[in-house]
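Note on naming: letters A, B, ... go to the chains in the order of the sequence lines (proteins, then strands), and numbering restarts at 1 for each one.
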There are 2 protein chains.
Amino acid sequence: MVELRADARRNLERVLDAATEVFAASGPDVSIDEIARAAGVGHGTVFRRFPTKDDLMYAVIERHVAQMCAFAAEALESDDPGEAFFGFAHRVAELAMSTPGLHKCVVHCGEKPRGAELGELSRKVIARAQRAGALRSDLEPADVGPLIRAALMAAPAGQWRLYLDVVLDGLRA
Amino acid sequence: MVELRADARRNLERVLDAATEVFAASGPDVSIDEIARAAGVGHGTVFRRFPTKDDLMYAVIERHVAQMCAFAAEALESDDPGEAFFGFAHRVAELAMSTPGLHKCVVHCGEKPRGAELGELSRKVIARAQRAGALRSDLEPADVGPLIRAALMAAPAGQWRLYLDVVLDGLRA
DNA sequence: CCTGAAACGGACTGATGAGTCCGCTTACGT
DNA sequence: ACGTAAGCGGACTCATCAGTCCGTTTCAGG
């Protein structure tokens, strides 16, 4: 990609903005047509930049996932592994639930974009908390994420903090 | 429905059997065509008995839900509300996870078939346990089901008992 | 048997959504 | 200003699936 023509760049931005908005509002199941309409372009234009719907979704959630990775990295700096884990969980949940639609996209994309990196960092945060005795150790670090995500996605509108609290309580050693 | 012709009755049974099997294997998203094929009938035949896909699904999960209602009724007899609730939760989970595909159907159908009845009975079991101080009371009885269901559905193949355990621990007062 | 109503099943419709194609338009270097 | 390659967008294909319709087959009672 040497250099985009001015109109191309403008449309690319419009598409990304619209996609972010629409995915945030309605989750991963919206059609490309809807996004194209919101962006004020033809859907051919969307597909030219993002060959598949998933490609577009990855682009949209990239920042989200990067931010979560940053939280994890930060948690690894703390010298109280237990506290670090619970703080991390709260921060990630806060970010995820600030735009539930986008979070569903993150879940939908699973390991693809920077998911692997996020998974790896989380695993470290969790394993460290387990080693410190702050977290029950009869489950794999890989089980913690799904449990929390499941609770968050099951929660009705304003209730997710309560649901998170229940699961985190259940996770304590 | 005065009396079904012999071939009609035979096909009806075939359809119900096939639908149970296929829904159990693949959850609520299978197509009617697939079920009809498994039953060895045309899909027109399926639609004649069950005007919509949901009608078929209701018919298939009816026993499932009835069984869960029975568990709830039984739990209400017990004179230890706390124990009754946790036993109920385990029994329901056991039944649900014995055929995860069907359980997804139950979730999909939500309140429709005897779901309302099940919801009402569960509510009583939960409220009783809360009154007895065995369950944290900062959540509504209606929140307990979703939390447990979410954990079960998030669990990988063999791990659901562990996930259930985490959530139930978090629910204790 | 034989006949009519019940049941059958597959062709058909209509909706939806991802991804392709190509004739027209427009930016931009010369 | 102008030629051209990059970009555009919508019509089109292809696949899937719920639900309808109707010509044909089969059951069952007389």
Side-chain angles (χ1 to χ4, degrees), chain A residues 1-61 101 104-105 107-110 112-113, chain B residues 1-61 101 104-105 107-110 112-113:
Chain A
M1 191 182 285
V2 273
E3 246 322 292
L4 278 186
R5 229 168 68 174
D7 53 346
R9 168 151 296 297
R10 194 176 59 242
N11 279 337
L12 178 57
E13 268 162 31
R14 278 188 191 174
V15 167
L16 272 175
D17 286 354
T20 303
E21 222 167 287
V22 175
F23 276 137
S26 316
D29 287 343
V30 292
S31 69
I32 292 286
D33 288 61
E34 200 162 331
I35 291 167
R37 218 176 305 129
V41 304
H43 80 224
T45 300
V46 177
F47 279 111
R48 192 164 335 98
R49 300 294 164 209
F50 305 97
T52 73
K53 186 180 174 182
D54 279 357
D55 290 330
L56 174 57
M57 231 156 79
Y58 296 162
V60 165
I61 65 178
K104 280 184 194 153
C105 293
V107 172
H108 169 93
C109 287
K112 296 306 167 36
Chain B
M1 193 183 285
V2 272
E3 244 323 289
L4 239 31
R5 229 170 67 175
D7 54 345
R9 169 150 293 299
R10 196 176 55 242
N11 279 338
L12 178 56
E13 268 162 31
R14 278 188 192 171
V15 166
L16 272 176
D17 286 354
T20 303
E21 222 167 286
V22 175
F23 277 137
S26 317
D29 287 343
V30 293
S31 69
I32 293 285
D33 287 62
E34 199 162 334
I35 291 167
R37 219 175 305 127
V41 303
H43 79 226
T45 300
V46 177
F47 279 111
R48 192 164 333 100
R49 299 295 163 206
F50 306 96
T52 73
K53 185 179 173 181
D54 279 358
D55 290 330
L56 174 57
M57 229 154 81
Y58 297 161
V60 165
I61 65 179
K104 280 183 196 154
C105 293
V107 172
H108 170 95
C109 288
K112 296 307 168 33

Quick one: are [X] and [Y] in side-chain contact, heavy atoms under 4.5 Å?
X	Y	result
B:L12	B:F50	yes
B:V46	B:N11	no
A:R49	A:L4	yes

Using atom [atom1] of [X] as one end and atom [atom2] of [N] as the other, report the distance to the nearest whole Å.
X	N	atom1	atom2	value
A:L12	D:dC8	CG	C1'	14 Å
B:F50	D:dT20	CZ	P	15 Å
B:D54	D:dC17	CG	C1'	14 Å

(request) Mind checking salt bridge (charged side-chain N to carboxylate O under 4.0 Å, His left out) for B:E13 and listing every partner two or more places apart, or none if nothing turns up? (result) B:R9

(request) Tell me yes or no: between the side chains of A:D55 and A:T52, is some donor less than 3.5 Å from an acceptor? (result) yes

(message) With heavy atoms of chain A within less than 4.0 Å as the criterion, where does contact along DNA chain C begin and end?
(response) C:dG17 to C:dC28

(message) Main chain of B:V41, side chain of B:T45: is a donor-acceptor contact present, judged purely on distance under 3.5 Å?
(response) no

(message) Can you list everything that forms a side-chain contact (heavy atoms from CB on, under 4.5 Å) with B:V22? Sequence neighbours excluded, please.
(response) B:V30, B:I35, B:A38

(request) Quantify the bending of the helix from C:dC1-D:dG30 to C:dT30-D:dA1 as the angle between its end axes, each fitted on five pairs, to 10°. (result) 10°

(request) Return each pair, listed once, that meets side chain to side chain donor-acceptor pair (under 3.5 Å) where at least one residue sits in residues 24-42 of chain A; pairs must be two or more places apart or across chains. (result) A:D33-A:H43

(request) Nearest-nucleotide wise, let me know which of B:K53 and A:N11 is further upstream toward the 5' end of DNA chain D. (result) A:N11

(message) Rounded at 0.5 Å granularity, tell me how far SG in B:C105 sits from NZ in B:K53.
(response) 8.5 Å

(message) Would you compute the distance between atom CD1 of A:I61 and atom CZ of A:F23 and round it to the nearest 0.5 angstrom?
(response) 9.0 Å

(request) Determine, for nucleotides 22-29 of chain D in 5'-to-3' order, which nucleotides have protein heavy atoms under 4.0 Å from the base (write B), from only the sugar-phosphate (write S), or from neither (write -). (result) ----BBS-

(request) Go through residues 19-47 of chain A and report each residue with a non-hydrogen atom lying under 4.0 Å from DNA chain C, sorted by number. (result) A:V30, A:S31, A:I32, A:H43, A:F47

(message) Tell me every residue that passes side chain to side chain donor-acceptor pair (under 3.5 Å) with B:D7, counting only those two or more places apart in sequence or in another chain.
(response) B:R5

(request) Identify the heavy atoms of A:G101 and A:P28 that sit nearest to each other, and give their distance. (result) O-CD, 4.3 Å

(message) How close do B:A39 and B:R14 get, counting heavy atoms only, and between which atoms?
(response) O-CD, 3.5 Å

